[in-house]
K.L.:
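Starting off with a structure, shown below.
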Amino acid sequence: MIVALVIVSLFVLLAIGTPVGFAMAISGGAGLWLIGGYDMLRGILQTSPLSVVGSYELLTIPMFLLMAELVLVSGVADDLFLAAAAWIGRVPGGLGMATALAGAGFGAICGSSTASAATLSSTSLPAMLKQGYEPRMAAGVVAISGTLSMLLPTSVALVIYGLLAEVNIGKLLVSGIIPAILVTLTIMLTILFLVWQDPSRAPSLTNVPITEKLRLLKAVGPMLVLFGIVTGVIYTGIATPTEASAFGASGAFLLAIWRGRLNRHTVTHAFTHAAQGTCMITMILVGASIFSYFFTLTQSTQHLVHWVGHLDVSRWVIIGLILCGYIVLGSFMDQIAILVLTVPIVLPLIKSLGFDPIWFGVIKIVTAEVGMITPPIGLNCFIVARYANRPVVDVFHGIFPHFIAHLIIIAIFVAFPSIILWLPSRM
Amino acid sequence: MRPAWRAMMLERLDRALTALERLASALAAVALFLIMAIVASDVALRYLFNRPWGWSYDFISLYVMVALFFLALSRTFAVNGHISVDLLHHYLTPSTRRWCELVICLLSAGLFALITQAGAIRAWQSYIDNDILAGVLAWPAWPSAALMPLGAGMITLRLALSMVCHAYTLFTGREVILLPPIAGSAQAIESGSFE
């Protein structure tokens, strides 16, 4: 009875717009008060925030957020797109493919999907429109390419999943690499398909001289170095993901200095913004920890797992339903909120069905990517619409082929777990 | 009391609290820089000279991360940095949205007041008992514990002030506090959210 009451109150609080971390702390706290009295609540309020904040692995989140901010300041993204465009611009739909490649390259060093979409919007979108691309298609490519950063090793979303699921964060980060490459290829194939259907959608670029191509290639250098000092260090086991993230942030800091982009204003903005982002995410984790004390004490998770475990259906039906649920949730809820609200409940279920938590994490993040582009809330579409100065409906229209392509790739990842699990198994 | 006088009072309180929050938030940004510098140099020293700092692990997780979180807490709320699900708000009238904000601020202020009180008791206790946290060095526990009531207290004040401002706006029609921007709106994107 108390459990039902607390869950209903959580949803009411969320619905009226209470910040997610606050809502979980308030409803969880109220539940603890109801079952254990004031002393128990006070005890948990005393220890829980400090124990969440004091966990050393949490450091990875501020460091990746800071790295993303500093990479933005350094302006590397513009050059990445120019280089990709020079090399494959002549292929049909080449600029669109260059956008996907720039999205992947940028995503490898900047773990924030919205930051990535905003950056691509300001560089590749005008270039495609100038070339005469169909605006809907151009906007769709930009919105979907921004989401690649959620799968690559500086992904904040993957780290949050890793903290919640208590899996090896190094392996988790590395396991996103091959899926990210496949998703990039999927985006490029989707573009090819669209251009094959109607070549007028994407006029080709004139040729760029080889000397210019080589000159532009230099821009890829800093990106590779940053990618190397984070992913290479994690993969070879030289340092923990936490230490690698601090390396990455320092590298981005030095890069911004080297490129002469660091001044009092940009430095203050980058550090304050990253600090506030950290605070927001940590608050959600604190709320989740208070809520999960309540959930654990009432043994709700065990009951649910027990119930589902005795259902007479295939485990593939259950995982299919869970993923469909995630895509629906993702269309109207923030991705971090979804992770924190669902992972503590869904993960024990996934484990009891015999699935690998790392595999599930990567698939969950791909569904989160889809959530970033589905109406009505798909945040990346709003960002692109704003930069392109076009109605958001146009962007949603342009994203539709990519949405379908993503559903297919999710099915492939579910059917062939080794795509995800092979690379981390070599560590 | 004339209404104008009350509005001015609220504005002054807001200005004072904002100044305090900005100072705390700047210190949080410094904490972030310290984390980056300490961890990166620690790893570099370990690999190049086999001589890491030794104290960095405890120092960061006991004090610097705690400072980063609690000092940024209130300012992050003031700039609407704590994400929420605002699907319903697309369909509500401004005055209904204000009632929602009022309830949210009231309940959240209650929560953080409790955390402030609980944290203050713990910090005071560990100061009197001279608690030491185990580690390579003997770190005193109270500065770490004291950051919790400090940050929670600040956001309690902010929530109480926002609540009074929303109530004032509802009852007098004079807008002393803006409603938070809705996700996807031009305002929200300008203010820059996180994924």
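As the structure is a computational prediction, the values presented were derived from the model and not from experiment. Below, read A as the first sequence line, B as the second, and so on, with proteins coming before strands; counting in each chain starts at 1.
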K.L.:
Need one label for Met65(B): side chain, backbone, both or neither, based on atoms under 4.5 Å from any heavy atom in chain A.
P.N.:
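Contact with chain A is through both the backbone and side chain of Met65(B).
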K.L.:
Check whether any side-chain heavy atom of Leu73(B) sits under 4.5 Å from a side-chain heavy atom of Phe112(B), and report yes or no.
P.N.:
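Touching, per the 4.5 Å side-chain cut-off.
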K.L.:
What orientation do Phe22(A) and Phe77(B) show, parallel under 30°, tilted 30 to 60°, or perpendicular over 60°?
P.N.:
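Geometry flag for Phe77(B) against Phe22(A): parallel rings.
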K.L.:
Give, as side chain, backbone, both or neither, the part of Ser48(A) having an atom under 4.5 angstrom from any heavy atom of chain B.
P.N.:
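No part of Ser48(A) comes within 4.5 Å of chain B.
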K.L.:
Only pairs of heavy atoms separated by less than 4.5 Å count here; which of Val53(A), Leu41(A), Leu13(A), Thr268(A) has the most with chain B?
P.N.:
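Looking at each of Val53(A), Leu41(A), Leu13(A), Thr268(A) in turn, Val53(A) comes out on top.
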K.L.:
Given heavy-atom pairs under 4.5 angstrom as the criterion, report whether the side chain, backbone, both or neither of Ile238(A) touches chain B.
P.N.:
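Both parts, backbone and side chain.
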K.L.:
How are the rings of His269(A) and His265(A) set relative to one another: parallel (under 30°), tilted (30 to 60°) or perpendicular (over 60°)?
P.N.:
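His269(A) vs His265(A) ring planes: parallel.
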K.L.:
Which bit of Phe70(B) comes within less than 4.5 Å of chain A, counting heavy atoms only: side chain, backbone, both or neither?
P.N.:
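The side chain, not the backbone.
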K.L.:
How long is the span from the CG atom in Leu71(B) to the CG atom in Leu150(B), to the nearest 0.5 Å?
P.N.:
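If we round to the nearest 0.5 Å, Leu71(B):CG and Leu150(B):CG are 6.5 Å apart.
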K.L.:
Please state whether the side chain, the backbone, both or neither of Ile155(B) comes within less than 4.5 Å of a heavy atom of chain A.
P.N.:
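Just its side chain gets close to chain A.
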K.L.:
Which bit of Arg97(B) is near chain A, if near means a heavy-atom gap under 4.5 Å: side chain, backbone, both or neither?
P.N.:
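Neither part.
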K.L.:
So for Ile60(B), is it side chain, backbone, both, or neither that comes closer than 4.5 Å to the heavy atoms of chain A?
P.N.:
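The side chain, not the backbone.
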K.L.:
Let me know if Val286(A) has heavy atoms under 4.5 Å from chain B in its side chain, its backbone, both or neither.
P.N.:
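When you check distances to chain B, only side chain atoms of Val286(A) fall under 4.5 Å.
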K.L.:
Side-chain donor-acceptor pair under 3.5 Å between Thr18(B) and Arg158(B), yes or no?
P.N.:
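Arg158(B) and Thr18(B) do have a side-chain donor-acceptor pair below 3.5 Å.
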K.L.:
Any idea which of Ala385(A), Gly17(A), Ala246(A) has the most non-hydrogen atom pairs under 4.5 angstrom with chain B?
P.N.:
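If we count pairs closer than 4.5 Å to chain B, Gly17(A) comes out on top.
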